[in-house]
Every structure is written in structure tokens, then in C-alpha cells.
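Structure, as C-alpha cells:
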Amino acid sequence: MKQILVTGGAGFIGSHLCARLLDEGHCVICLDNFFTGSKRNILHLIPNPRFEVVRHDVTFPYYAEVDEIYNLACPASPIHYQHDPIQTTKTSVMGAINMLGMAKRIGAKVLQASTSEVYGDPIVHPQVESYWGNVNPIGIRSCYDEGKRVAETLFMDYHRQWDIEIKIIRIFNTYGPNMHPHDGRVVSNFIVQALNNEPITLYGDGSQTRSFQYVDDLVEAMIRMMNTDKQVTGPINIGNPNEFTIKELAEKVIAMTGSTSTLTYKPLPNDDPKQRQPNISKAKATLNWEPTIQLEEGLKRTIAYFKSLQ
Ligand code: NAD
Ligand code: UDP
């Protein structure tokens with residue numbers, strides 16, 4: 001039985017990770033400031049005596065004795081991370097420093113939930129880990145993208161300078177139950193709009209692409225990554241390489257919900273990446289992992305979740 005800290009544990013991905021780690025018999029501390037996370041996501045875990053919830057902001061130091069740290073704290077949806085961009089950068093940068101400092105003191109392993117956003121609006125397609133990216137340092141997405149890039153730098157420097165055992169994964173668009181219905185991300189927006197028979201909001205002409213990964217596949221990869229040998233630091237891409245245009249996603253959601261929604265076009269936000277698809281050769285070779293749940297099945301489960309909220 002391991003003692004495990006999950007920062008951002010009340011969020012969409014964090015809540016699934018906490019549940020899975022408890023299922024495996026570990027003790028889990030879920031640390032969250034509840035900016036975008038919700039107690040509802042972890043309510044079913046609270047009766048478990050091996051589960052503890054701590055309200056805390058990772059920009060301030062935290063002390064605990066644990067074996068492993070999964071560092072997920074950071075708003076992930078553009079609406080939320082742009083709401084207080086300075087706090088977003090602080091969360092990634094100070095959060096990384098505080099978690100790495102703790103890992104150094106107690107000799108814990110620490111995994112960073114990085115992102116495909118480190119590739120910005122990528123020119124290399126599909127994205128490989130060796131690609132350095134195409135990121136605007138002064139745009140409206142920069143607080144998130146650059147914060148996550150600095151976090152990766154800090155992880156690598158703590159590893160080189162202090163021999164901390166680190167793991168970096170670059171997560172590509174992930175969806176599933178426990179996404180906040182109003183967090184503005186595309187999958188939750190489209191499903192909620194379709195279930196309410198409201199117009200589906202396509203930003204731009206809907207020809208931009210994303211590759212969508214179901215959350216259970218991601219959680220499996222996170223745990224496999226944490227369990228790798230010390231020399232495996234990453235970064236490793238974790239995503240589903242099946243790429244769709246946003247318009248294709250909208251049409252799929254309408255068909256699967258039997259909705260009468262129509263498509264409506266809104267301006268494309270600044271710096272919105274035109275294409276995104278992970279090359280997952282490294283994940284396959286290192287973690288013996290690849291996604292098992294494809295879009296149709298994942299959407300079915302996610303639609304059922306949003307229906308249950310209505
Ligand atoms: P989320 O917004 O649902 O979860 C983030 C959690 O972090 C929330 O519970 C929030 O309250 C908490 N948090 C935010 N700032 C904090 C702070 N200063 N101190 C403590 N807690 C704080 O988002 P998510 O989709 O679950 O993302 C989790 C992690 O995975 C994030 O780091 C995100 O960057 C990364 N990621 C997610 C995706 C995706 O598609 N969902 C893709 C790439 C990377
Ligand atoms: N998007 C859209 N309509 C929406 C929400 C998002 O067309 O209601 C588009 C958005 O412009 C982007 C893609 O869907 O091109 C994915 O957006 P999301 O915010 O989910 O993730 P990210 O841009 O960070 O990949």
C-alpha cells in the first residue's frame with residue numbers, strides 16, 4: 001500500500017485517478033483549491049478511510065509524507081485558465097516548485113501532468129516528443145502553455161540537479177464523465193448543447209482537428225508511467241491518435257444524442273491550434289500502452305453521464 005498525493009484531485013481527471021488508486025488499495029490525499037474541481041466528483045470516495053481531502057492552493061508550500069505525487073493542479077479549459085491568467089502561470093510554476101521541493105525533501109517520485117499545448121499551434125504533424133513546438137509567448141493561451149513549459153523545465157532541472165525521480169506526460173485532449181458541464185471545452189459544450197437541443201457552437205469553420213482520448217485510457221497510462229524505472233523521465237505523449245475535425249465531432253454528437261440541434265458558427269479564438277494528433281510510439285514502446293476506448297464508445301459513456309446530471 002502506497003501513500004499517494006494527487007494535486008487537482010477533485011478535478012475531472014484527478015477524480016478518476018483518485019478512484020483508481022483507491023481501488024488498487026493505496027492511501028490517497030486529494031489536494032485541491034476547488035477553483036474548477038468539485039466536491040461532487042469525489043463525494044463517492046469520501047467514505048473510504050484511505051481517502052483524505054485537503055483544501056489547499058499549490059502556489060503555497062505543502063508538507064506531507066508520501067511515496068508518490070501526481071501533479072495535476074491547474075485549470076485546463078481555456079475559459080477557466082484565461083479567467084485569471086496570472087494565477088494560472090503561478091499554479092503551474094509555483095505548483096511545480098512546491099511539489100518538486102517536497103519530493104526532494106521526502107524522496108518521493110513525482111509525475112507532471114503536462115500537455116499537448118507545449119507544442120502550441122504545431123507545424124510538425126503528428127506531434128513527436130522531440131518537437132520543440134510553436135508557442136506564442138505573449139498571447140491569451142500563453143499563461144497555460146508557457147506555464148506548463150516552465151513546469152517541464154523545472155522537472156528536468158530538479159532531476160538533473162537533485163536526482164529527483166520525475167515523470168512527465170504530455171496529455172492530449174481528454175474527455176469523459178466528471179467534466180464540468182460549463183467548463184467550455186468542446187466535448188462537454190457539444191454534448192450539453194445537443195442534449196438541450198440548442199445550437200452547437202462551432203468556432204471558426206470547424207475544420208481544425210483534435211484527437212480525443214477517453215479518460216480511463218489516460219489514467220491507465222498515468223499509473224504505468226509512475227511505475228516505470230527511474231531512468232524513464234519522459235516527456236511521453238499520452239493521447240488517442242484518431243484525429244477528427246471539430247465539425248465531425250459536432251455531427252457525431254448530434255447523431256448519437258438524436259438531437260435537433262443545428263450548427264452555428266462563432267469566431268475562432270486567437271491562437272487556436274489548427275491541428276493536433278499525438279505520435280504515441282514512445283508510449284507504446286515504454287509503457288506497452290495504447291488507447292482501448294474509441295470515440296464512439298467514449299462519447300456513449302460521456303453522454304450517459306451528462307444525461308444523468310439533467
Ligand atoms: P480540471 O480543471 O477539471 O482539474 C484541475 C484541478 O486543479 C481542479 O480540481 C482545480 O480546482 C485544481 N486547481 C486549479 N488550480 C489549483 C491550485 N492553484 N491549487 C490547487 N488546486 C488547483 O482539469 P482536468 O482536465 O482534470 O486537468 C487536470 C490536469 O491535466 C491539468 O494539469 C491539465 O493541465 C492537464 N491536462 C488536461 C487535459 C485535458 O484534456 N483534460 C489535456 C492536457 C493536460
Ligand atoms: N471549440 C468549438 N466550440 C466550442 C468549444 C470549442 O468549436 O464550443 C473548438 C475550439 O476552438 C478548439 C477545439 O474545439 O478548436 C477544442 O477546444 P477545447 O477548448 O476543448 O480544447 P483545446 O483548444 O485546448 O484543444
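Counting starts at 1 for both ligands and their atoms, following the listed order. Atoms considered below: every heavy atom in the structure, side chains included; atoms not considered: hydrogens, waters and symmetry mates.
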N/O of G14 under 3.5 Å from N/O of ligand 1, yes or no?
no

Ranked by distance from atom 13 (C) of ligand 2, the top protein heavy atom is I246 CD1, 3.7 Å

How far is atom 37 (C) of ligand 1 from its nearest protein heavy atom, and which residue and atom is that?
I13 CD1, 3.6 Å

Before signing off on this row, confirm whether Q193 and ligand 2 have an N or O atom pair separated by under 3.5 Å.
no

Does ligand 2 have an atom under 4.0 Å from some heavy atom of P78?
yes

Nearest-contact summary for atom 10 (C) of ligand 2 - protein heavy atom, Å:
D272 OD2, 3.4 Å

Flag N33 as yes when one of its N or O atoms lies below 3.5 Å from any N or O atom of ligand 1, and as no otherwise.
yes

If we only count N/O pairs under 3.5 Å, is V58 in contact with ligand 1?
yes

Answer yes or no for K266: is there a heavy-atom contact with ligand 2 below 4.0 Å?
no

Is there a polar contact, in the sense of an N or O pair closer than 3.5 Å, between T174 and ligand 1?
yes

Before signing off on this row, confirm whether F12 and ligand 1 have an N or O atom pair separated by under 3.5 Å.
yes

Measure the distance from atom 33 (C) of ligand 1 to every protein heavy atom, then report the residue, atom name and distance (to 0.1 Å) of the closest one.
Y144 OH, 3.5 Å

For N173, atoms of ligand 2 separated by under 4.0 Å from a heavy atom
21 (O), 22 (P), 25 (O)

side-chain contact (heavy atoms from CB on, under 4.5 Å) partners for E129, two or more places apart:
Y119, R170, I236, N237, K282

Could you tell me which atoms of ligand 1, counted from 1 in the order shown, lie closer than 4.0 angstrom to a heavy atom of H56?
19 (N), 20 (C)

Between D121 and N134, is there a side-chain donor-acceptor contact under 3.5 Å, judged purely by atom types and distance?
no

Within 4.0 Å of some non-hydrogen atom of N189, the atoms of ligand 2 are 4 (C), 5 (C), 8 (O)

Of the listed options (G8, G9, C74), which comes nearest to atom 5 (C) of ligand 1 when hydrogens are ignored and any heavy atom counts?
C74

Report, in ascending order of atom number, the atoms of ligand 1 lying under 4.0 Å from any heavy atom of A76.
2 (O), 23 (O), 24 (P), 25 (O), 27 (O), 33 (C)

What residue and heavy atom of the protein are closest to atom 4 (O) of ligand 1, and at what distance?
G11 CA, 3.5 Å

Under 3.5 Å, N or O to N or O, is G37 touching ligand 1 that way?
yes

Nearest protein heavy-atom contact for atom 5 (C) of ligand 2: which residue, which atom, what distance?
Y203 CE1, 3.3 Å

R185: heavy atom below 4.0 Å from ligand 1, yes or no?
yes

Is the closest N or O pair between R141 and ligand 2 shorter than 3.5 Å?
yes

Can you sort out which atoms of ligand 2 are near E117, meaning under 4.0 Å from one of its heavy atoms?
24 (O)

Does the side chain of N279 come under 3.5 Å of the side chain of Q127 through a donor N or O and an acceptor N or O?
no

Is there any N or O on D57 that sits under 3.5 Å from an N or O of ligand 1?
yes

Heavy atoms only, cut-off 4.0 Å: how does Q208 contact ligand 2, side chain, backbone, both, or neither?
side chain

In terms of side-chain heavy atoms, does K274 have a donor or acceptor partner in T209 at a distance below 3.5 Å?
no

Atom indices of ligand 1, in the order listed, that fall short of 4.0 Å to a heavy atom of F34
11 (O)

Going by heavy atoms, is Q87 under 4.0 Å from ligand 1?
yes

Checking the N or O distance criterion of under 3.5 Å, is ligand 1 in contact with T115?
no

Ignoring angles and geometry beyond distance, decide whether N173 reaches within less than 3.5 Å of ligand 1 through its nitrogen or oxygen atoms.
no

Ligand 1 to P75, heavy atom cutoff 4.0 Å, flagged ligand atoms 2 (O), 14 (C), 15 (N)

Looking only at distances, please establish whether an N/O atom of ligand 1 is found under 3.5 Å from an N/O atom of L31.
no

Among protein heavy atoms, which sits nearest to atom 31 (C) of ligand 1, and what does the distance come to when rounded to 0.1 Å?
L72 O, 3.1 Å

Examine the side chains of Q213 and T174 and answer whether a donor and an acceptor come within less than 3.5 Å of each other.
yes

Check each of T91, I171, T59, L17 against atom 42 (C) of ligand 1 and report the one with the nearest heavy atom.
I171

Suppose I only count heavy atoms of R276 and a 4.0 Å limit; which atoms of ligand 2 are within that range?
22 (P), 25 (O)

Which residue and heavy atom of the protein sit nearest atom 44 (C) of ligand 1, plus the separation
S114 O, 3.4 Å

Looking at Y175 versus Y214, is the centre-to-centre ring distance below 6.0 Å?
yes

Taking every heavy atom of I29 against every heavy atom of A64, the minimum-distance pair comes out as CD1-CB, 4.3 Å

So if I count the atoms of ligand 2 from 1 in the order they appear, which ones are less than 4.0 Å from some heavy atom of G184?
5 (C)

Region of T201 engaging ligand 2 - heavy atom pairs below 4.0 Å:
both

Have a look at ligand 2 and work out which part of V186, if any, has a heavy atom under 4.0 Å from it: side chain, backbone, both or neither.
both

